Enquirer: 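Pasting a structure below so you can have a look.
Per chain, numbering begins at 1; letters A, B, ... match sequence-line order. As the structure is a computational prediction, the values presented were derived from the model and not from experiment.
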2 protein chains.
Amino acid sequence: MLPLDDYVPYLLNRAGARIAASFSDEVRPFGITLQMWRALAALTDRDGQTVGELSGRTAIEISTLSRVLDGLQRRKLVERKRAEDDGRVVTLYLTPAGRTMTRRVIPIAERYERVAIAGLSARDVATLKRLLRELYANMDKLCANRAASDS
Amino acid sequence: MLPLDDYVPYLLNRAGARIAASFSDEVRPFGITLQMWRALAALTDRDGQTVGELSGRTAIEISTLSRVLDGLQRRKLVERKRAEDDGRVVTLYLTPAGRTMTRRVIPIAERYERVAIAGLSARDVATLKRLLRELYANMDKLCANRAASDS
DNA sequence: AGCAAATATTTGCATTTGCAAATATCGTGA
DNA sequence: TCACGATATTTGCAAATGCAAATATTTGCT
(Lines give C-alpha, C1' and ligand atoms only; values in the text may rest on other atoms or scores of the structure.)
Protein backbone atom coordinates (compact mmCIF):
# COMPACT_ATOMS: atom_id res chain seq x y z
CA MET A 1 0.00 0.00 0.00
CA LEU A 2 0.91 3.63 0.14
CA PRO A 3 2.33 4.75 3.46
CA LEU A 4 1.75 8.42 2.86
CA ASP A 5 3.62 9.66 5.90
CA ASP A 6 6.66 7.81 4.69
CA TYR A 7 6.73 9.23 1.20
CA VAL A 8 9.34 11.93 0.64
CA PRO A 9 7.63 14.05 -2.04
CA TYR A 10 4.51 14.19 0.09
CA LEU A 11 6.38 15.16 3.26
CA LEU A 12 8.28 17.76 1.31
CA ASN A 13 5.22 19.28 -0.34
CA ARG A 14 3.29 19.34 2.88
CA ALA A 15 6.03 21.01 4.90
CA GLY A 16 6.73 23.45 2.07
CA ALA A 17 3.09 24.38 1.67
CA ARG A 18 2.66 25.01 5.37
CA ILE A 19 5.71 27.21 5.71
CA ALA A 20 4.81 29.07 2.51
CA ALA A 21 1.32 29.87 3.76
CA SER A 22 2.61 31.20 7.08
CA PHE A 23 5.35 33.24 5.52
CA SER A 24 2.93 34.75 3.00
CA ASP A 25 0.95 36.11 5.93
CA GLU A 26 4.11 37.69 7.32
CA VAL A 27 5.19 39.54 4.19
CA ARG A 28 1.70 40.66 3.16
CA PRO A 29 1.87 43.77 5.42
CA PHE A 30 4.93 44.83 3.41
CA GLY A 31 2.86 44.76 0.24
CA ILE A 32 4.72 41.87 -1.33
CA THR A 33 3.96 38.23 -2.01
CA LEU A 34 6.00 35.20 -1.06
CA GLN A 35 7.28 34.80 -4.60
CA MET A 36 8.32 38.44 -4.68
CA TRP A 37 10.23 37.90 -1.48
CA ARG A 38 11.92 34.82 -2.84
CA ALA A 39 13.04 36.76 -5.90
CA LEU A 40 14.25 39.67 -3.78
CA ALA A 41 16.18 37.35 -1.49
CA ALA A 42 17.81 35.60 -4.42
CA LEU A 43 18.81 38.96 -5.89
CA THR A 44 20.20 40.15 -2.59
CA ASP A 45 22.31 37.08 -2.54
CA ARG A 46 23.75 37.94 -5.94
CA ASP A 47 23.06 41.02 -8.04
CA GLY A 48 22.86 41.23 -11.83
CA GLN A 49 21.36 37.81 -12.43
CA THR A 50 19.35 37.11 -15.56
CA VAL A 51 15.69 36.11 -15.51
CA GLY A 52 16.59 32.57 -16.47
CA GLU A 53 19.22 32.22 -13.77
CA LEU A 54 16.82 33.56 -11.20
CA SER A 55 14.18 31.09 -12.35
CA GLY A 56 16.64 28.22 -11.94
CA ARG A 57 17.73 29.37 -8.53
CA THR A 58 14.24 29.94 -7.16
CA ALA A 59 12.35 27.22 -9.06
CA ILE A 60 9.76 29.84 -10.01
CA GLU A 61 8.37 29.03 -13.46
CA ILE A 62 9.88 31.50 -15.88
CA SER A 63 6.71 33.13 -17.22
CA THR A 64 5.39 33.45 -13.69
CA LEU A 65 8.69 34.98 -12.67
CA SER A 66 8.44 37.49 -15.49
CA ARG A 67 5.19 38.73 -13.98
CA VAL A 68 6.52 38.64 -10.45
CA LEU A 69 9.26 40.93 -11.75
CA ASP A 70 6.61 43.22 -13.28
CA GLY A 71 5.25 43.64 -9.77
CA LEU A 72 8.65 44.24 -8.22
CA GLN A 73 9.48 46.75 -10.90
CA ARG A 74 6.18 48.58 -10.47
CA ARG A 75 6.95 48.78 -6.75
CA LYS A 76 10.39 50.13 -7.68
CA LEU A 77 12.17 47.36 -5.80
CA VAL A 78 13.93 45.86 -8.79
CA GLU A 79 15.30 47.24 -12.02
CA ARG A 80 15.47 45.40 -15.33
CA LYS A 81 18.40 46.14 -17.62
CA ARG A 82 18.89 44.82 -21.11
CA ALA A 83 22.39 43.31 -21.20
CA GLU A 84 24.84 45.11 -23.50
CA ASP A 85 26.64 42.10 -24.85
CA ASP A 86 23.53 39.98 -25.45
CA GLY A 87 20.30 41.78 -26.25
CA ARG A 88 18.16 38.75 -25.47
CA VAL A 89 19.14 38.75 -21.84
CA VAL A 90 17.63 40.90 -19.11
CA THR A 91 19.72 41.42 -15.99
CA LEU A 92 18.17 42.26 -12.65
CA TYR A 93 19.27 44.71 -9.97
CA LEU A 94 17.86 45.66 -6.61
CA THR A 95 17.05 49.34 -6.21
CA PRO A 96 17.90 51.09 -2.94
CA ALA A 97 14.22 50.62 -1.99
CA GLY A 98 14.61 46.94 -2.79
CA ARG A 99 17.60 46.73 -0.50
CA THR A 100 15.66 48.47 2.26
CA MET A 101 12.78 46.03 1.83
CA THR A 102 15.18 43.12 2.10
CA ARG A 103 16.72 44.52 5.26
CA ARG A 104 13.27 44.80 6.80
CA VAL A 105 12.12 41.30 5.91
CA ILE A 106 15.30 39.43 6.77
CA PRO A 107 14.60 39.40 10.52
CA ILE A 108 11.28 37.70 9.82
CA ALA A 109 12.97 35.18 7.56
CA GLU A 110 15.51 34.48 10.29
CA ARG A 111 12.74 33.95 12.80
CA TYR A 112 11.13 31.44 10.45
CA GLU A 113 14.37 29.57 10.09
CA ARG A 114 14.57 29.33 13.88
CA VAL A 115 10.95 28.21 14.25
CA ALA A 116 11.22 25.66 11.46
CA ILE A 117 14.27 23.93 12.92
CA ALA A 118 13.27 24.31 16.57
CA GLY A 119 14.15 21.23 18.56
CA LEU A 120 16.53 19.84 15.95
CA SER A 121 20.17 19.30 16.75
CA ALA A 122 22.80 21.27 14.86
CA ARG A 123 23.91 18.02 13.30
CA ASP A 124 20.38 17.26 12.12
CA VAL A 125 20.00 20.71 10.62
CA ALA A 126 23.22 20.33 8.69
CA THR A 127 22.05 16.97 7.42
CA LEU A 128 18.67 18.36 6.42
CA LYS A 129 20.23 21.15 4.40
CA ARG A 130 22.60 18.79 2.66
CA LEU A 131 19.81 16.37 1.81
CA LEU A 132 17.51 19.11 0.47
CA ARG A 133 20.32 20.30 -1.78
CA GLU A 134 20.97 16.78 -3.05
CA LEU A 135 17.28 16.21 -3.61
CA TYR A 136 17.06 19.39 -5.66
CA ALA A 137 20.05 18.29 -7.69
CA ASN A 138 18.39 14.92 -8.30
CA MET A 139 15.24 16.57 -9.60
CA ASP A 140 17.35 18.83 -11.76
CA LYS A 141 18.96 15.82 -13.36
CA LEU A 142 15.53 14.34 -14.01
CA CYS A 143 14.37 17.57 -15.65
CA ALA A 144 17.46 17.60 -17.85
CA ASN A 145 16.87 14.00 -18.91
CA ARG A 146 13.22 14.66 -19.69
CA ALA A 147 14.11 17.76 -21.71
CA ALA A 148 16.69 15.76 -23.68
CA SER A 149 14.32 12.87 -24.44
CA ASP A 150 11.56 15.26 -25.61
CA SER A 151 13.66 16.47 -28.52
CA MET B 1 24.20 38.67 5.00
CA LEU B 2 21.74 36.14 3.74
CA PRO B 3 23.29 32.84 2.74
CA LEU B 4 20.37 31.70 0.64
CA ASP B 5 21.63 28.20 0.03
CA ASP B 6 21.85 27.70 3.76
CA TYR B 7 18.33 28.79 4.58
CA VAL B 8 15.92 25.96 5.29
CA PRO B 9 12.62 27.46 4.11
CA TYR B 10 14.26 28.40 0.83
CA LEU B 11 15.79 24.97 0.29
CA LEU B 12 12.48 23.39 1.15
CA ASN B 13 10.42 25.59 -1.15
CA ARG B 14 12.83 25.18 -3.98
CA ALA B 15 12.99 21.40 -3.76
CA GLY B 16 9.23 21.18 -3.30
CA ALA B 17 8.51 23.43 -6.28
CA ARG B 18 10.79 21.46 -8.53
CA ILE B 19 9.37 18.09 -7.64
CA ALA B 20 5.82 19.44 -7.87
CA ALA B 21 6.39 20.78 -11.37
CA SER B 22 7.82 17.47 -12.60
CA PHE B 23 5.13 15.40 -11.00
CA SER B 24 2.41 17.61 -12.45
CA ASP B 25 3.73 16.76 -15.89
CA GLU B 26 3.47 13.07 -15.04
CA VAL B 27 -0.14 13.04 -13.87
CA ARG B 28 -1.45 15.42 -16.54
CA PRO B 29 -1.94 12.56 -19.07
CA PHE B 30 -4.30 10.97 -16.54
CA GLY B 31 -6.44 14.09 -16.58
CA ILE B 32 -5.73 15.09 -13.01
CA THR B 33 -3.69 17.80 -11.33
CA LEU B 34 -1.03 17.43 -8.66
CA GLN B 35 -3.42 18.62 -5.96
CA MET B 36 -6.03 16.13 -7.11
CA TRP B 37 -3.44 13.40 -6.85
CA ARG B 38 -2.41 14.50 -3.38
CA ALA B 39 -6.04 14.37 -2.26
CA LEU B 40 -6.56 10.96 -3.86
CA ALA B 41 -3.42 9.60 -2.24
CA ALA B 42 -4.45 10.90 1.16
CA LEU B 43 -7.88 9.32 0.75
CA THR B 44 -6.37 6.01 -0.33
CA ASP B 45 -4.35 6.08 2.82
CA ARG B 46 -7.50 6.45 4.89
CA ASP B 47 -11.10 6.49 3.68
CA GLY B 48 -13.99 8.50 5.09
CA GLN B 49 -12.00 11.57 6.08
CA THR B 50 -13.68 14.96 6.38
CA VAL B 51 -12.74 17.93 4.23
CA GLY B 52 -11.07 19.60 7.20
CA GLU B 53 -9.02 16.54 8.08
CA LEU B 54 -7.93 16.17 4.51
CA SER B 55 -6.93 19.82 4.41
CA GLY B 56 -4.81 19.37 7.53
CA ARG B 57 -3.17 16.24 6.21
CA THR B 58 -2.36 17.63 2.78
CA ALA B 59 -1.78 21.29 3.68
CA ILE B 60 -4.11 22.25 0.85
CA GLU B 61 -5.99 25.42 1.79
CA ILE B 62 -9.53 24.44 2.62
CA SER B 63 -11.41 26.49 0.05
CA THR B 64 -8.98 25.36 -2.62
CA LEU B 65 -9.49 21.79 -1.49
CA SER B 66 -13.24 22.22 -1.78
CA ARG B 67 -12.81 23.03 -5.45
CA VAL B 68 -10.25 20.28 -5.98
CA LEU B 69 -12.93 17.97 -4.65
CA ASP B 70 -15.44 19.43 -7.11
CA GLY B 71 -13.08 18.32 -9.85
CA LEU B 72 -12.59 14.86 -8.39
CA GLN B 73 -16.31 14.46 -7.94
CA ARG B 74 -17.04 15.58 -11.49
CA ARG B 75 -14.52 12.98 -12.66
CA LYS B 76 -16.33 10.44 -10.46
CA LEU B 77 -13.17 9.60 -8.55
CA VAL B 78 -14.42 10.74 -5.16
CA GLU B 79 -17.81 10.80 -3.49
CA ARG B 80 -18.95 13.35 -0.93
CA LYS B 81 -21.31 12.17 1.81
CA ARG B 82 -22.96 14.35 4.41
CA ALA B 83 -22.19 12.75 7.78
CA GLU B 84 -25.24 11.36 9.59
CA ASP B 85 -24.26 12.31 13.10
CA ASP B 86 -23.08 15.86 12.25
CA GLY B 87 -24.70 17.60 9.31
CA ARG B 88 -21.94 20.17 9.02
CA VAL B 89 -19.35 17.59 8.12
CA VAL B 90 -18.74 16.12 4.70
CA THR B 91 -16.95 12.77 4.54
CA LEU B 92 -15.02 11.66 1.51
CA TYR B 93 -14.82 8.26 -0.18
CA LEU B 94 -12.94 6.99 -3.18
CA THR B 95 -15.11 5.47 -5.89
CA PRO B 96 -13.97 2.30 -7.66
CA ALA B 97 -12.74 4.56 -10.48
CA GLY B 98 -10.82 6.57 -7.89
CA ARG B 99 -9.19 3.41 -6.61
CA THR B 100 -8.28 2.41 -10.15
CA MET B 101 -6.74 5.83 -10.76
CA THR B 102 -4.70 5.51 -7.60
CA ARG B 103 -3.44 2.09 -8.62
CA ARG B 104 -2.32 3.51 -11.93
CA VAL B 105 -0.50 6.51 -10.52
CA ILE B 106 1.22 4.81 -7.60
CA PRO B 107 4.02 3.33 -9.75
CA ILE B 108 4.86 6.84 -10.94
CA ALA B 109 4.84 8.12 -7.39
CA GLU B 110 7.16 5.30 -6.38
CA ARG B 111 9.52 6.14 -9.20
CA TYR B 112 9.62 9.74 -8.01
CA GLU B 113 10.44 8.65 -4.51
CA ARG B 114 13.36 6.63 -5.90
CA VAL B 115 14.60 9.47 -8.10
CA ALA B 116 14.30 12.04 -5.33
CA ILE B 117 16.37 10.06 -2.84
CA ALA B 118 18.81 8.62 -5.37
CA GLY B 119 22.32 8.54 -3.98
CA LEU B 120 21.25 8.97 -0.37
CA SER B 121 21.99 6.33 2.22
CA ALA B 122 19.11 4.53 3.92
CA ARG B 123 20.14 6.23 7.11
CA ASP B 124 19.99 9.66 5.47
CA VAL B 125 16.56 8.97 4.03
CA ALA B 126 15.23 7.97 7.43
CA THR B 127 16.68 11.16 8.91
CA LEU B 128 15.19 13.29 6.14
CA LYS B 129 11.72 11.87 6.71
CA ARG B 130 11.93 12.37 10.43
CA LEU B 131 13.12 15.95 10.05
CA LEU B 132 10.43 16.83 7.52
CA ARG B 133 7.81 15.51 9.91
CA GLU B 134 9.26 17.52 12.80
CA LEU B 135 9.45 20.62 10.67
CA TYR B 136 5.81 20.25 9.73
CA ALA B 137 4.91 19.84 13.39
CA ASN B 138 6.86 22.99 14.22
CA MET B 139 4.97 25.00 11.64
CA ASP B 140 1.73 23.55 12.93
CA LYS B 141 2.52 24.83 16.41
CA LEU B 142 3.25 28.26 14.96
CA CYS B 143 -0.09 28.29 13.14
CA ALA B 144 -1.88 27.31 16.33
CA ASN B 145 -0.16 30.10 18.26
CA ARG B 146 -0.97 32.66 15.60
CA ALA B 147 -4.60 31.57 15.50
CA ALA B 148 -4.84 31.85 19.28
CA SER B 149 -3.29 35.32 19.42
CA ASP B 150 -5.60 36.61 16.67
CA SER B 151 -8.68 36.09 18.82
C1' DA C 1 26.36 38.87 -45.95
C1' DG C 2 22.00 36.20 -45.28
C1' DC C 3 19.03 32.95 -43.46
C1' DA C 4 17.58 29.03 -40.42
C1' DA C 5 17.92 27.26 -35.86
C1' DA C 6 18.74 28.28 -31.11
C1' DT C 7 18.18 31.03 -26.93
C1' DA C 8 15.88 34.52 -23.65
C1' DT C 9 12.01 36.75 -22.31
C1' DT C 10 7.28 38.22 -22.51
C1' DT C 11 2.32 37.80 -23.41
C1' DG C 12 -2.48 35.45 -24.41
C1' DC C 13 -5.64 32.87 -22.24
C1' DA C 14 -7.72 29.56 -19.42
C1' DT C 15 -7.25 27.45 -14.96
C1' DT C 16 -6.09 27.53 -10.11
C1' DT C 17 -5.64 29.79 -5.95
C1' DG C 18 -6.87 32.07 -1.57
C1' DC C 19 -8.94 35.62 1.36
C1' DA C 20 -13.30 37.05 2.99
C1' DA C 21 -18.02 36.52 3.18
C1' DA C 22 -21.95 33.48 2.93
C1' DT C 23 -24.29 29.30 4.18
C1' DA C 24 -25.50 25.39 6.95
C1' DT C 25 -25.50 22.91 11.11
C1' DC C 26 -24.40 22.05 15.91
C1' DG C 27 -23.88 22.96 20.98
C1' DT C 28 -24.83 25.69 25.03
C1' DG C 29 -26.78 28.57 28.38
C1' DA C 30 -30.79 31.35 29.82
C1' DT D 1 -36.96 25.85 23.51
C1' DC D 2 -34.81 29.66 21.60
C1' DA D 3 -31.32 32.63 20.61
C1' DC D 4 -26.24 33.05 19.98
C1' DG D 5 -21.65 31.75 19.35
C1' DA D 6 -18.83 28.01 17.48
C1' DT D 7 -17.65 24.84 13.79
C1' DA D 8 -17.57 22.91 8.82
C1' DT D 9 -17.89 23.75 4.21
C1' DT D 10 -18.77 26.35 0.08
C1' DT D 11 -18.83 30.44 -2.93
C1' DG D 12 -17.67 35.41 -4.78
C1' DC D 13 -14.18 37.70 -6.67
C1' DA D 14 -9.73 39.28 -7.70
C1' DA D 15 -5.04 37.89 -8.18
C1' DA D 16 -1.55 34.40 -9.33
C1' DT D 17 -0.16 30.62 -12.18
C1' DG D 18 1.47 27.98 -16.18
C1' DC D 19 1.33 26.17 -20.85
C1' DA D 20 1.78 27.55 -25.48
C1' DA D 21 2.51 30.99 -28.72
C1' DA D 22 4.64 35.35 -29.86
C1' DT D 23 8.58 38.39 -29.89
C1' DA D 24 13.37 39.75 -29.89
C1' DT D 25 18.07 38.77 -30.40
C1' DT D 26 22.05 35.95 -31.33
C1' DT D 27 24.74 32.15 -33.40
C1' DG D 28 26.17 29.02 -36.86
C1' DC D 29 26.27 27.57 -41.51
C1' DT D 30 26.85 28.40 -46.47
Enquirer: Closer to the 5' end of DNA chain D via nearest nucleotide, is it A:Ala83 or A:Arg67?
Expert: A:Arg67
Enquirer: Which nucleotide, D:dC19, C:dC26, C:dT10, lies nearest any side-chain atom of A:Val90?
Expert: C:dT10
Enquirer: Would you say A:Gln35 reaches D:dA16's phosphate, i.e. side-chain N/O to OP1/OP2 under 4.0 Å?
Expert: no
Enquirer: Side chain of B:Ser63 only, please: which of C:dT10, D:dT17, D:dT10 is the nearest?
Expert: D:dT10
Enquirer: Identify, between A:Val68 and A:Arg88, the residue whose nearest nucleotide on DNA chain D lies closer to the 5' end.
Expert: A:Val68
Enquirer: Count the heavy atoms of every other residue, nucleotide or ligand shown that sit under 6.0 Å from CZ of B:Arg82, and state whether that count exceeds 12.
Expert: yes
Enquirer: How long is the line joining CG of A:Asp85 and C1' of D:dT26, in whole Å?
Expert: 11 Å
Enquirer: Distance check: side-chain N/O of A:Thr64 vs OP1/OP2 of D:dT17, anything under 4.0 Å?
Expert: no
Enquirer: To the nearest Å, how far apart are A:Ile62 CD1 and D:dA20 C1'?
Expert: 14 Å
Enquirer: B:Val51 side chain: which of C:dT11, D:dT10, C:dT17 is closest?
Expert: D:dT10
Enquirer: Take B:Tyr112 and B:Glu26 through the side chain to side chain donor-acceptor pair (under 3.5 Å) test and state the conclusion after the steps.
Expert: CA-CA 10 Å; B:Tyr112 264 69; B:Glu26 299 280 354; 3.1 Å; yes
Enquirer: Using atom CG of B:Leu72 as one end and atom C1' of C:dT15 as the other, report the distance to the nearest whole Å.
Expert: 15 Å
Enquirer: A:Arg80 side chain to A:Gln73 main-chain N or O, any donor-acceptor pair under 3.5 Å?
Expert: no
Enquirer: Name the nucleic acid region contacted by B:Arg82, choosing base, sugar-phosphate or nothing; use a 4.0 angstrom heavy-atom cut-off, strictly under.
Expert: nothing
Enquirer: Just call it for A:Ser24: base, sugar-phosphate, or nothing, with non-hydrogen atoms closer than 4.0 Å on any strand.
Expert: nothing
Enquirer: Between atom CD in B:Glu84 and atom C1' in C:dC26, what is the gap in whole Å?
Expert: 16 Å
Enquirer: Tell me the interatomic distance from A:Asp25, atom CG, to C:dT17, atom P, rounded to whole angstroms.
Expert: 18 Å
Enquirer: Could A:Arg104 and A:Phe30 be counted as a cation-pi pair, given that NZ or CZ must be under 6.0 Å from the ring centre and within 45° of the axis?
Expert: no
Enquirer: What is the separation between atom CD on A:Glu61 and atom C1' on D:dA21, rounded to the nearest whole Å?
Expert: 13 Å
Enquirer: Round to a whole Å and report the spacing from CG of B:Leu65 to P of D:dT10.
Expert: 8 Å
Enquirer: For B:Arg80 and C:dA24, what is the distance between atoms CZ and C1' respectively, to the nearest whole Å?
Expert: 14 Å
Enquirer: With no hydrogens and no angle check, do the side chains of B:Glu61 and B:Ser63 hold a donor and an acceptor under 3.5 Å apart?
Expert: yes
Enquirer: Does any N or O donor sit under 3.5 Å from an N or O acceptor when you compare the side chain of A:Arg28 with the base of C:dG18?
Expert: no
